S.K.: 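Please read through the structure below; I'll follow up with questions.
Position 1 is the first residue of the sequence, and the numbers go up from there. Quick caveat: nothing in here was measured; it's all calculated off a predicted structure.
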Amino acid sequence: MAGPGFGARGGGAGGERTPLQRALYWSAVLAVWGVIFLVVFFAVFARGLPDTSALYDVDRQPSVTYLDRNGALIATRGSQQAPPADLEALPDYVPAAFIAIEDRRFYWHPGFDPIGMGRAMAANMRAGRIVQGGSTLTQQLAKNLFLTPDQNMRRKVQELMLAVWLELKFSKQEILALYLNRVYFGAGAYGIEAASQRYFDKGAKDLTVGEAALLAGLLKAPSRYSPVSESERAAARATVVLDEMEDAGVITPEQRAAAVLEPVRVSRTLATQHAQYFIDWLDKEIRGLVGEPTEDMIVETTLDLTLQTAAERNVRRILERDGSRGVEQAALVALDGDGRVRAMIGGASYADSQFNRAVDARRQAGSAFKPFVYLAAMEAGYTPQTPVVDEPVRIGNWSPRNYSGTFAGNMTLAQAVAQSTNTVAAYVADQIGRDSVARAARRLGISSRIGLEPAMALGAVEVSPIDMATAFDAFANGGRRVDAYGISRIRTPQGRVIYQRAARDGAAGQAINNPSLYYMNQMLRGVVTGGTARGAAISGRDIAGKTGTTSDYKDAWFVGYTGGFVTAVWVGKDDNTAMRGVTGGAAPAAIWKGFMEAALPRLNVQPIPNGPAMPDGWMAPDPIGDLMNSVEDPYGDGRVIDPVDPDLGIAYDPRAPVDAPRRPEPQAPPVTQPQPQRPRADPPDQRPEPQPLPERERDPLFF
């Protein structure tokens with residue numbers, strides 16, 4: 001009995017702990033174990049922490065800066081690091097904008113914000129996914145300086161540890177300065193000074209309230225809120241930042257209202273996003289010239305930003321105008337007489353699609369290919385006055401058709417070119433040999449596959465706009481073959497030249513001689529003065545060119561030129577479906593004319609040159625003039641240019657004879673000029689339906 005009784009007394013009032021004592025005891029136990037856990041926890045996660053001695057080292061890819069022909073900035077690829085901005089030199093509202101939107105309690109937390117972390121955790125739990133972050137500016141700086149962007153527990157713990165270390169080592173002002181000078185703002189710009197120069201062409205000390213808000217809003221997602229490609233989204237985000245700045249007392253309601261009303265203007269050079277197609281094209285070429293960049297480089301290009309802006313404006317205008325007709329995409333390439341690329345448009349929107357249709361697309365040329373047929377014919381002895389006959393033609397099992405469905409009978413070759421007569425082109429190519437046509441096209445610069453099927457004469461050949469501009473440049477520059485290029489020189493920022501394009505002897509590249517060149521320019525002028533491209537005519541300018549449209553309206557072209565300057569324009573759809581009746585004389589010619597009207601006053605262009613060994617005063621018979629003497633009413637009976645769509649030209653005369661005599665063999669020009677025939681409507685240059693080819697045409701001979 002004694003034992004139990006003693007035990008009961010020992011555990012009684014004299015031996016038991018009070019509730020307070022028990023709470024203190026277990027608190028101490030938990031604290032000890034908590035400290036042990038934290039020590040072990042942080043020891044485990046501290047393994048593999050980066051070396052913080054590299055705090056001021058900048059690890060970045062070399063930058064490549066692209067300048068236009070006048071030295072204006074086009075773009076910078078790679079990383080751009082400007083000298084660090086002095087925090088004390090910035091307006092107070094600049095750093096305050098970042099604090100207001102990113103870390104309102106920056107000056108009071110020890111590197112991490114328990115309140116912000118708790119709020120973010122609750123929001124994420126309610127949403128069932130991550131919708132809010134709780135990182136402080138110090139944590140973001142730690143991540144940017146030392147860690148990878150991986151989202152996992154280990155990285156978050158290391159981020160927290162490094163944030164505390166930064167807070168112990170640096171003052172708040174030093175941390176804020178490090179943050180603003182190292183954070184990424186998109187468009188290759190690291191740090192607020194580089195971002196201010198990149199987006200606004202000014203130093204950070206000159207930023208307005210609205211500009212500061214826009215830059216602060218970028219940090220959440222630089223590409224998503226880019227003021228270049230996502231201007232509306234960027235403006236909405238900047239408004240949110242302004243609201244936070246007002247709420248935090250950084251700016252007054254009046255300052256906020258003024259910032260909202262004042263438009264933020266992004267740098268013109270950066271806003272020229274379609275020039276990025278040009279930069280993409282050069283980016284590949286640079287690696288072929290100098291290898292992978294290992295140091296910062298400056299690339300001096302041939303582009304003219306003023307002309308590039310004019311090209312963008314006119315492409316955008318016609319795409320908006322003709323969008324209801326299915327015109328969804330466009331490409332434009334403008335070259336001077338030496339092959340320098342002065343403007344390049346690779347698509348409707350670089351932000352939506354980076355595929356460069358000016359260089360990489362291969363689309364059927366339609367009748368824009370016919371100049372190579374007629375060049376080969378001129379070299380074989382034809383002239384613009386050679387009489388031909390528009391009549392049914394059969395080559396093997398294939399018969400080309402004219403757009404009108406009828407035939408005009410007797411005409412000259414010049415008239416056939418101006419009115420893009422399919423039967424004549426097919427017949428001439430068959431007579432002189434399609435291999436001769438292919439060689440002529442290849443000699444001038446067409447690099448894609450050229451088959452020898454009969455339909456090749458009507459443009460059943462897939463070409464790129466840059467190839468077409470290159471090939472037509474020989475007509476514009478006196479017959480010289482050129483290679484399109486965009487790089488004049490590559491140098492370092494210190495001035496050391498890495499690459500210099502060598503000058504080329506113009507005579508060494510002669511591709512067309514006379515009289516063929518003279519005759520071709522004479523006939524291609526007629527396409528503009530009274531043929532299928534009258535809509536591209538510019539008063540007072542010597543213009544020539546050729547339209548092209550496939551029979552199913554999938555592709556429409558106009559390649560036109562004056563002395564020493566050529567521009568090729570294509571429109572169509574990426575999915576290769578048909579547009580609604582869009583011809584080469586319509587949307588492409590309208591883009592071309594609008595661009596050239598803006599470009600020509602800036603260019604020192606001359607009339608189209610006669611070419612080598614052709615005196616400027618030499619004159620040949622001009623059948624084109626006879627054809628165009630009465631272009632408005634050639635028959636004197638009131639039938640004039642189509643009033644519904646003047647780009648389609650003059651209505652076809654149904655009374656033209658169908659049963660015309662056989663076309664003669666090529667011969668010397670007759671003494672008397674043939675009577676002009678009724679011009680036909682601008683046809684969607686026929687690409688015939690596939691037909692079985694005779695055995696001799698199945699030989700897989702390509703050029």
Side-chain angles (χ1 to χ4, degrees), residues 366-367 370-371 373-374 377 382-395 398-431 457-459 522-524 526-534 546-549 551 583-585 622-642 645 647-667 669-670 672-688:
S367 287
K370 289 178 182 175
V373 174
Y374 293 115
Y382 285 69
T383 75
Q385 296 169 291
T386 297
V388 291
V389 183
D390 177 16
E391 65 178 354
V393 173
R394 190 166 192 83
I395 303 173
W398 174 70
S399 295
R401 302 189 308 270
N402 289 324
Y403 176 54
S404 64
T406 57
F407 306 94
N410 294 324
M411 59 175 56
T412 64
L413 204 63
Q415 293 168 336
V417 173
Q419 300 308 316
S420 201
T421 306
N422 289 330
T423 57
V424 172
Y427 174 81
V428 169
D430 189 60
Q431 292 297 299
L458 306 187
Q522 187 183 36
M523 292 192 295
L524 293 177
V527 175
V528 176
T529 57
T532 60
R534 286 189 310 282
K546 187 69 185 77
T547 57
T549 318
S551 59
T583 66
D622 185 11
I624 301 295
D626 289 339
L627 173 67
M628 306 310 161
N629 281 339
S630 184
V631 68
E632 290 297 325
D633 186 8
Y635 280 58
D637 60 1
R639 286 170 290 149
V640 296
I641 293 175
D642 186 344
D645 189 351
D647 288 330
L648 291 179
I650 303 174
Y652 177 74
D653 179 12
R655 297 173 300 178
V658 175
D659 297 321
R662 296 291 301 171
R663 94 180 15 81
E665 294 296 325
Q667 54 185 287
T672 58
Q673 299 285 358
Q675 292 301 310
Q677 300 297 314
R678 172 65 170 167
R680 298 182 299 111
D682 178 9
D685 309 302
Q686 293 291 98
R687 184 181 70 196

S.K.: Determine the minimum heavy-atom distance between Gln419 and Gly531, stating which atoms define it.
M.R.: NE2-CA, 3.5 Å
S.K.: At their closest point, which heavy atom of Tyr374 faces which heavy atom of Thr421, and how far apart are they?
M.R.: OH-O, 4.1 Å
S.K.: Of the non-hydrogen atoms in Ala457 and Ala425, which two are nearest, and what is the gap between them?
M.R.: CB-O, 3.8 Å
S.K.: Is Thr583 close to Thr547 at the side-chain level, that is, under 4.5 Å between some pair of heavy atoms?
M.R.: no
S.K.: Search all heavy atoms of Ile395 against all heavy atoms of Asp430 and return the closest pair with its distance.
M.R.: CG2-OD1, 3.6 Å
S.K.: If you compare all heavy atoms of Val389 against all heavy atoms of Val424, which two are closest, and at what distance to 0.1 Å?
M.R.: O-CG2, 3.9 Å
S.K.: Has the side chain of Glu391 got a donor or acceptor atom that lies under 3.5 Å from a matching backbone atom of Asn410?
M.R.: no
S.K.: Please determine, by modelled atom types, if Ser420 and Thr532 share a side-chain donor-acceptor pair under 3.5 angstrom.
M.R.: no
S.K.: For the NZ atom of Lys370 and the CG atom of Asn422, what is their distance to the nearest 0.5 Å?
M.R.: 3.5 Å
S.K.: Measuring from atom OH of Tyr382 to atom CD of Gln431, what distance do you get when rounded to the nearest 0.5 angstrom?
M.R.: 5.5 Å
S.K.: Quick one, Thr423 and Phe407 - any side-chain contact, counting heavy atoms below 4.5 Å?
M.R.: yes
S.K.: If you take all heavy atoms of Thr412 and Pro384, which pair is closest and at what distance?
M.R.: CB-O, 3.5 Å
S.K.: Roughly how far, to the nearest 0.5 Å, is the CE atom of Met523 from the CD atom of Gln415?
M.R.: 12.0 Å
S.K.: Enter the distance from Gln522:CD to Thr383:OG1 here, rounded to the nearest 0.5 Å.
M.R.: 8.5 Å
